[in-house]
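The figures here come from the full heavy-atom set of this structure, side chains too, leaving out hydrogens, waters and symmetry mates.
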Amino acid sequence: MRRIWHILLLVLIPQASLADDCPRVKIRAERLPDLNIPRNSHSAVCINGEVTVFGGHTTNFIPTQTAEYFKDGEWHLMQMAYPHDNGLCVVLRSGKVLLGGGHEEPMGVGRSFPVEEYDPEAHTFRGFSILSMKRTFASGAELDSGRVVVAGNWYGDDGIEMFDGDRSFSPVKDVCKAHAVPYLLRTSDDNVLILGNESPYHKPLCSDSVERLKGGPLRIPLLKKWQPLTFEAPFCNGVSFIGDESKGDYTYLINVQDWSGSNPRDWNYLGREMAFMLVCDTTFTILPTTCPVPLTGVSPSDSILYYSPLIADRKAHRGYVHGSDLQGRSYVLCVEYDKTPAPLTLYYTDPLPDAGFPMIALTDDGDLMMMGGYNYNKSNGGQLDNDNFSPLATVYLLPVGQRVQQKEAAAAWPWIVLIAVLAAVAAALVLMRRKRMAASETVIADAPEEMEPTNDNEELMRSICQLMEQGNIISACINSQLGCSFSQFIGKYRVEHAKRLMRQHPDMKVAVVWMQSGFTTESSFFRAFKAITGMTPSDWKAKND
C-alpha cells in the first residue's frame, strides 16, 4: 500500500508545495479613496479600529500639520497641534498616541522639539511638552510604569531620554553608537535594547553592539552577519512584537539582511540575503523557515525591495513584510512564525498605478493598508531615489487577512477531502480482501510490499475513479451509516487529532493545536470541539491531565 500512497501524494499535492522555493500567491489589491492630502514620511497606525496617518510632508516637500483617519469608506481630515515630518509615533496603553519631533523646515531640514497627544475617541490633538533634544527619525517604547523611552536622531546628537508619562521629557544617558530609526525592544527585566543599522548621518553601522537603557552595550555575535533592515521613515515600535507581556514573554521578530563581508560604505541593499531574527531578552536567533526569503518577484528579473519592518498579526500568528518592484507590483512576504520551520508565502499584485513606496498599517481585519508614500526612479549605481517633492495620495487595501486565508483553505480542501476518501476506500478494500480470504479458508502469507499483486492496485484505482465520478455516494454513505454530514465526519477526525495533540503535548498553545488540526479559525475549533465532546478544550484538558 505504501507505493500507492506515494503515487497519490505526487499526483494530489500541488507541485508548488514540493518545489524548493517560496510559494507565490497572486492577490487582488482594492483601490480605496485617496487621502485628502498627498503625503510621505508620515506615521501610520490602526487605532480604535481606524487606520490613521499623522503628519509627513506634502507637495513641494513642505511639512503638513494634518492627520487623517479612515472611517465609513472615506478619509477624515484633522488639524494637528504641530507638523511631524519623520516624527516620533508611540501608541500608548491608554489608547492614545504620542507624537513628537520631526523636521523643523521644508525639504527635510533640521529637527524639532514639540510633542503632542492624539485622542482617537475624540479625534483631537493636544500639544503639551517638548523633547529634551531636537529629534527626527526617533523611536519610542512604553514601559509598564507608563514612562516612555526615546532614542534615535537624524543629522544631530543622539542619546536616551525618558517621558515621565505625564508632561516632562528628561535625558537619561548618552549612547556609544548613535542610531536613526532604531528598534527599541523591551526585555522582561524592564530594560530596553536599542539596535539598528543606520547612523544619524545615513551610513550603515554594521555593528555587533547593542545599546541598553540599563547597563553597558552588549556584543551580539549574530549581528556580525545579520543586520536589521534600514527604513526611509520611522515606524510605530511595537509592530514587530510577537510575545505576550502578560506572561512575561518579550519576543520580537525582526527582518534582517546579510551584511557579512560588506564594504561599510556600500549602502546598496538590493539583492542581499534576508532572514528573520528572533529577539527574546538578550537572546538572538535566526528563525528557521521552510525556504529562503525570495529576493525576486514574478520573474527572476524583478528584484523585490523590502522596506517595511515586520508587521505582526498576533491573533493570526503571522508576520508581514512589504516590498515593491520597479514594475509597480506590491509584494507581501508572510511568515507563519508559530510553526517550525516557519512557512513563507509571497503574495503579489499586478502593477498598481501610483502605488510607489507607501506607509503600511495592519487593519483590525488582518489586512494591510498602504497609504501615500513616493514614486521612485533608479539612479546611478542601482539605488532607488525617492521623489519627496511629489508625494502620493493613493491608498490600496491588500487582502492578506482572514479572507485570503479562508480562500487558501478552500483551495486546499478538495485535496484534503480526496485524500480522506482514498484512505477510506483503501481501508474498505483491505477489509473486503480479508473477508474473501476468510470465506475461502485460504491462508495466504503477507507478501512484501514490492511483491503486491498488480491486479489489487488496478482494483483500487477502479474503485477510486468510480467513487470520484459518483461523488454524491460518499456523502450519502456517511449520512446513512453514521448519521452525520461529511463536514461533521471530518470535524470528528480533526477534534480527535486535537485531543491527541493536547494529550501528547500538554504545553502546546491552543492556537497551535487548532491550526495543526486543520481548523481555519479559533472560533470554528471551539464550536466543533464543544459540539463533539460537550466541553471546551481547556475543560477537556483539565479533566484529562
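Taking the six-membered ring wherever Trp is involved, the centroid distance between the rings of Phe231 and Phe357 does not fall below 6.0 Å. Tyr307 has its ring centre less than 6.0 Å from the ring centre of His322. Tyr201 and Tyr155 have their aromatic ring centers within a separation under 6.0 angstrom.
Applying the salt bridge (Lys or Arg N to Asp or Glu O under 4.0 Å) criterion to Glu116, with sequence neighbours excluded, gives no partner residue. A search for side-chain contact (heavy atoms from CB on, under 4.5 Å) contacts involving Thr340 returns nothing, not counting sequence neighbours. For Asp302, the salt bridge (Lys or Arg N to Asp or Glu O under 4.0 Å) partners at least two apart in sequence or on another chain are Arg329. Residues satisfying the salt bridge (Lys or Arg N to Asp or Glu O under 4.0 Å) test with Asp244, not counting sequence neighbours, are none.
Salt-bridge check for Lys214 with Asp189: failed, with every basic side-chain N at 4.0 Å or more from each acidic carboxylate O.
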Give the intermediate values and the outcome of side-chain contact (heavy atoms from CB on, under 4.5 Å) for residues Leu193 and Thr187. CA-CA 7 Å; Leu193 306 182; Thr187 61; 3.9 Å; yes
Does the pair Phe276 and Val256 meet the rule for a side-chain contact (heavy atoms from CB on, under 4.5 Å), with working shown? CA-CA 6 Å; Phe276 296 98; Val256 292; over 6 Å; no
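Among all heavy-atom pairs drawn from Val149 and Val192, the shortest one is CG2-CG2, 4.0 Å. What you find for Ser188 and Gly248 is that their closest heavy atoms are CB-O, 4.0 Å.
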Donor-acceptor contacts under 3.5 Å from residues 390-399 side chains, at least two apart:
residue : atom : partner : partner atom : Å
Thr394  : OG1  : Asp354  : O            : 2.4
Tyr396  : OH   : Arg31   : NH1          : 3.4
Tyr396  : OH   : Pro353  : O            : 2.8

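Residues in residues 134-151 take part in these salt bridge (Lys or Arg N to Asp or Glu O under 4.0 Å) pairs, two or more places apart or across chains: Arg93-Glu142, Arg93-Asp144, Glu104-Lys134, Arg135-Asp158, Arg135-Glu161, Asp144-Arg186.
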